[in-house]
J.: 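Dropping the structure in here first, questions after.
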Amino acid sequence: MDKKFIKGLVPAVFTPFDKDGEVDFSVITPYAERLISEGADGVFVCGTTGESPSMTILERKKVLEEWIKVVNGRIPVIAHVGGTCQKDCIELASHAKESGAAAIASVPPYYFKPGSAEGLVEFFRPVSAAASGIPFYYYHIPCVTGVNPCTVSFLDKGAEAMPDLAGIKFTDTDFMAMTKCVNHQDGRFNILNGFDEMLLDGLASGAQGGVGSTYNYAFAIYRNIMDAWEKGDVLKARQWQQRSIDLVDVIIRHGGGVRGGKAVMKALGFDCGNCRRPFEPFTDAEIEEVKAELEAISFDTINNN
């Protein structure tokens with residue numbers, strides 16, 4: 001198996017809901033076509049951005065199936081299969097493989113938590129085995145899960161127990177740890193940056209790409225960051241990263257990456273609906289505020305530079 005499976009920029013997609021809070025499958029086709037036309041290098045389905053903790057197992061399966069059908073092999077579809085119940089995760093992993101997902105990823109259990117890297121590996125081992133033959137990624141996001149093992153230890157112990165362990169979706173600010181993971185075992189693991197506003201930091205630390213929520217509506221910003229970085233134009237990369245930071249400031253003011261991101265999508269005319277509770281629904285006045293804030297940071301110019 002190619003351990004350097006995922007490269008480039010992979011949007012972590014929203015799950016669209018209708019006015020009644022049901023999954024709106026009709027949105028997925030135009031959504032996928034837009035991301036593919038912009039140059040997305042894959043999609044990450046039913047992750048944090050996709051509100052997987054607020055979805056049933058059946059809904060997660062059906063949403064993944066729809067994305068795989070619509071994408072039709074043009075870009076990789078990465079299925080997030082994580083949760084708090086190991087049996088559910090195993091079921092989702094098996095389904096992802098059967099459905100044609102290119103890779104799977106999983107957060108750690110975040111209610112009853114593993115107390116060590118070994119414990120985390122033992123939780124993941126049968127999950128990865130249920131999708132034997134396709135890459136498995138540990139989705140490291142300690143600010144949300146409260147699980148923060150030594151990532152290098154996890155890679156060591158995980159590689160022994162999980163033949164398909166490919167790497168880490170590294171959503172953390174500890175770039176010393178990220179660099180260690182990038183260089184560990186002669187660079188055999190695929191490390192992907194998770195925080196959009198820190199993509200340049202991740203690239204400088206050796207990440208091979210990124211998985212991000214704001215890629216859904218600001219893909220050009222991140223393509224420009226990567227292009228400038230690859231050309232050695234650090235100043236230009238920093239300038240584009242500032243554009244990302246300005247955008248993230250807007251979404252933070254409106255509930256963060258999931259709720260704020262859906263508000264931005266709606267303000268830009270690509271409505272994925274409200275988030276499910278416990279997130280508050282948008283008001284018309286709030287969407288107008290978001291439009292004004294995007295105008296204030298000249299968001300409409302990103303595709304013209």
Side-chain angles (χ1 to χ4, degrees), residues 5-19 21-52 55 59-80 95-96 98-105 134 169 192 196 199 209-227 243-244 247 251 257-276 282 287 290-291 294 299-305:
F5 180 82
I6 301 174
K7 296 180 181 179
L9 299 170
V10 178
V13 296
F14 296 97
T15 299
F17 298 118
D18 64 21
K19 61 182 177 58
E22 299 300 320
V23 176
D24 188 349
F25 292 96
S26 70
V27 174
I28 293 176
T29 293
Y31 192 174
E33 295 302 330
R34 184 173 61 83
L35 292 178
I36 291 170
S37 69
E38 289 180 344
D41 295 301
V43 287
F44 190 89
V45 177
C46 289
T48 305
T49 304
E51 298 178 67
S52 62
M55 296 170 68
E59 286 175 328
R60 291 172 67 174
K61 289 180 178 180
K62 288 184 174 179
V63 167
L64 177 65
E65 289 169 4
E66 186 68 13
W67 273 98
I68 290 172
K69 181 181 77 173
V70 169
V71 166
N72 194 27
R74 290 175 290 173
I75 56 174
V77 176
I78 299 93
H80 175 248
H95 171 265
E98 291 171 1
S99 300
I104 61 171
I134 68 173
K169 179 184 182 292
L192 299 162
D196 304 4
L199 175 60
V211 180
S213 63
T214 61
Y215 302 1
N216 285 289
Y217 42 87
F219 193 82
I221 287 178
Y222 301 97
R223 178 58 67 200
N224 284 323
I225 291 171
M226 287 201 74
D227 288 349
R243 299 295 301 273
S244 163
L247 174 61
I251 69 171
V258 181
R259 185 182 184 277
K262 273 194 168 179
V264 170
M265 291 282 275
K266 187 168 185 177
L268 295 174
F270 199 94
D271 192 357
C272 286
N274 285 305
C275 298
R276 283 183 170 171
F282 313 124
I287 298 304
V290 173
K291 289 179 180 178
L294 293 175
F299 183 78
D300 61 336
T301 68
I302 66 168
N303 292 314
N304 300 317
N305 290 278

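As a basis for the values below, the full set of heavy atoms in this structure was taken, side chains included, without hydrogen atoms, waters or symmetry mates.
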J.: Can you find a heavy atom in the side chain of Val264 that is under 4.5 Å from one in the side chain of Ile251?
T.: yes

J.: Report the distance from atom CZ of Arg243 to atom OG1 of Thr301, rounding to the nearest 0.5 Å.
T.: 4.0 Å

J.: Mind checking whether Ser244 and Tyr222 have side chains closer than 4.5 Å, heavy atoms only?
T.: yes

J.: Taking all atoms of both residues into account, what is the closest heavy-atom pair of Ala32 and Trp67, and its distance?
T.: CB-CZ3, 3.5 Å

J.: Before we go on, tell me: are the rings of Tyr217 and Phe270 under 6.0 Å apart, centre to centre?
T.: no

J.: Between Ala101 and Ile134, which heavy-atom pair has the shortest distance, and what is it?
T.: O-CD1, 3.9 Å

J.: Look at the side chain of Arg60 and the backbone N and O of Val45, then say whether any donor-acceptor pair between them is shorter than 3.5 Å.
T.: no

J.: May I ask you to say whether Arg223 pairs ionically with Asp41, meaning some side-chain N is under 4.0 Å from a carboxylate O?
T.: yes

J.: So, for Arg276 and Glu51, which heavy atoms are closest and what is the spacing to 0.1 Å?
T.: N-OE1, 2.9 Å

J.: Would Met226 and Leu199 count as a side-chain contact (heavy atoms from CB on, under 4.5 Å) here? Give the steps.
T.: CA-CA 9 Å; Met226 287 201 74; Leu199 175 60; 4.2 Å; yes

J.: Output all residues satisfying ring-ring contact (aromatic ring centres under 6.0 Å, His included) with Phe14, sequence neighbours left out; order by chain, then residue number.
T.: none

J.: Please report the interatomic distance CG(Leu9) to OH(Tyr215), rounded to the nearest 0.5 Å.
T.: 5.5 Å

J.: Please test Val10 against Phe44 for side-chain contact (heavy atoms from CB on, under 4.5 Å), starting from the C-alpha separation and ending with a verdict.
T.: CA-CA 7 Å; Val10 178; Phe44 190 89; 4.1 Å; yes

J.: Can you name the closest pair of heavy atoms from Pro11 and Gly42 and give their distance?
T.: CD-O, 3.0 Å

J.: Between the side chains of Arg34 and Glu38, is the shortest nitrogen-to-carboxylate-oxygen separation below 4.0 Å, so that they form an ion pair?
T.: yes

J.: What distance do His80 atom NE2 and Thr48 atom OG1 have between them, rounded to the nearest 0.5 Å?
T.: 6.5 Å

J.: Would you say the side-chain atoms of Asp196 and Thr214 include a donor-acceptor pair closer than 3.5 Å?
T.: yes

J.: Is there side-chain contact between Val43 and Ile75, with at least one heavy-atom pair below 4.5 Å?
T.: yes

J.: State the NZ-CD1 distance between Lys266 and Ile287, to the nearest 0.5 angstrom.
T.: 5.5 Å

J.: Drop me the distance from Met55's CE to Thr15's OG1, to the nearest 0.5 angstrom.
T.: 4.0 Å

J.: Is any side-chain heavy atom of Leu35 closer than 4.5 Å to one of Val13?
T.: yes

J.: Are Leu268 and Phe299 side-chain neighbours, meaning at least one heavy-atom pair lies under 4.5 Å?
T.: yes

J.: Do Ser213 and Val258 come within less than 4.5 Å of each other through their side chains, counting heavy atoms only?
T.: no

J.: Please report the interatomic distance SG(Cys272) to CE(Met265), rounded to the nearest 0.5 Å.
T.: 4.0 Å

J.: Treating Lys262 as the side-chain partner and Thr49 as the backbone partner, does any N or O pair qualify as donor plus acceptor under 3.5 Å?
T.: no

J.: Taking only Lys NZ, Arg NE, NH1 and NH2, and the carboxylate oxygens of Asp or Glu, determine whether Glu98 and Lys61 approach each other closer than 4.0 Å.
T.: no

J.: Got a donor-acceptor contact below 3.5 angstrom from the Asn224 side chain to the Ile221 backbone?
T.: no

J.: As a quick check of understanding, evaluate side-chain contact (heavy atoms from CB on, under 4.5 Å) for Asn274 and Phe17, giving each step before the final call.
T.: CA-CA 7 Å; Asn274 285 305; Phe17 298 118; over 6 Å; no

J.: Please check if the side chain of Arg74 supplies one atom and the backbone of Ile36 the other of a donor-acceptor pair under 3.5 Å.
T.: no

J.: Identify the two heavy atoms, one from Gly100 and one from Ile68, that lie closest to each other, and give their separation to 0.1 Å.
T.: C-CD1, 3.9 Å

J.: Is the shortest side-chain heavy-atom distance between Tyr31 and Asn216 below 4.5 Å?
T.: yes

J.: Using 4.0 Å as the upper bound for N to carboxylate O, is an ion pair formed by Glu66 and Lys69?
T.: yes

